[in-house]
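Below is one structure; the comments refer to it alone.
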There are 2 protein chains.
Amino acid sequence: MAIGRRPGAYECGIDAAMDVIAGKWKVLILWALNERACRFGELRRLLPGVTEKVLASHLRELEADGIVHREVYDEVPPRVEYSLTSLGVMLNEALAPLGAWGREHILGNMEKVSHVQR
Amino acid sequence: MAIGRRPGAYECGIDAAMDVIAGKWKVLILWALNERACRFGELRRLLPGVTEKVLASHLRELEADGIVHREVYDEVPPRVEYSLTSLGVMLNEALAPLGAWGREHILGNMEKVSHVQR
DNA sequence: CAGTATCCTGATAGATACTG
DNA sequence: CAGTATCTATCAGGATACTG
């Protein structure tokens, strides 16, 4: 039931939310899954540099926090798909302004497009 | 000029923004400074558990990233005030939805109030 | 008051090899 | 394919003492 790594120890909402997305690759995982459901191997390829161990543990934590859903298909070869839960979708939406801020003030003035970006 | 700890290495805006606020106490510092400018000792008291070393290094990084302004008053005893820059204010505003998400979905249904919270 | 200077530790992540 | 199991490395953060 408890979400995050330090249940009940948060000072405020941002502190709590930060804990859920703390992890070197977590926001990138959320970004990738925002488009569509992905298999483990796909995610690994979408996140150049991540190791299997770290990707797996991040996915386990996001799953435990109710952010991503893990669907196992009983096939051979095995197929597992990760997707955002509704909570994950809402988290992504809550992250959008932060992404806009970073894109505008850190990445510099890239071309302005109308559709949602990170 | 470059902002963040890994200039030019960001995949997207959120990745970049996360880097700026990565640090155990940074969002709490931003939260505190959102109200008003604070002295070093005030911040230390507002963040129970932070050590002087960590608080100082976080403030240096936030200053280097253009998020907080450090104003030194040439007095005895010494007085230094930290405040948000306009970029810091914008960052805080971009963090507001994330704070709302965390407050609503992690901290649980606390009493709803109309003014801005974390 | 507002910090530095050292030293130290623990959590997180990377490397690599192996498995159902 | 989708992971687990070990081992190692790094480094952010903490403890403590000291200073302009």
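By convention in this document, chain letters (A, B, ...) are assigned in the order of the sequence lines, proteins followed by strands, and residues within each chain are numbered from 1. These numbers come from the heavy atoms of this one structure, side chains and all, not from hydrogens, waters or symmetry mates.
Ionic pairing of A:R36 and A:E42 is present here: one or more N-O contacts between side-chain nitrogen and carboxylate oxygen are shorter than 4.0 angstrom. Under the 4.0 Å criterion applied to side-chain N and carboxylate O atoms, B:R79 and B:E81 are assigned as salt-bridge partners.
Close to C:dA13, at under 4.0 Å from its OP1 or OP2, lies a side-chain N or O of A:H58. OP1 and OP2 of C:dG3 both lie 4.0 Å or more from every side-chain N or O belonging to B:R79. In this structure, A:Y82 reaches the D:dG3 phosphate: one of its side-chain N or O atoms is under 4.0 Å from OP1 or OP2.
Atom CD1 of B:I29 and atom C1' of D:dA12 are 14 Å apart (whole Å). Spacing between atom CZ of B:F40 and atom C1' of C:dT4 amounts to 10 Å, rounded to whole angstrom units. Distance A:K26 NZ to C:dT12 P: 9 Å, rounded to the nearest Å. Put simply, CG on A:L59 is 10 Å from P on D:dT4, counting in whole angstrom units. Regarding B:E81, its CD atom lies at a distance of 14 Å from the P atom of C:dC1, rounded to whole Å. When the C1' atom of C:dT4 is taken as reference, atom NZ of B:K53 falls 11 Å away, rounded to whole Å. Atom CZ of B:R44 and atom C1' of C:dC1 are 8 Å apart (whole Å). Spacing between atom CZ of B:R5 and atom P of D:dG13 amounts to 10 Å, rounded to whole angstrom units.
Counting heavy atoms from C-beta on, the side chains of B:Y82 and B:L62 never come closer than 4.5 Å.
Set against C:dG14, C:dC1, D:dG14, the side chain of A:T51 has C:dG14 as its closest nucleotide.
If you check every strand for non-hydrogen atoms under 4.0 Å, B:G49 touches nothing.
Over its length, the helix from C:dC1-D:dG20 to C:dG20-D:dC1 turns its helix axis by 60°, as judged from the five terminal pairs at each end, rounded to 10°.
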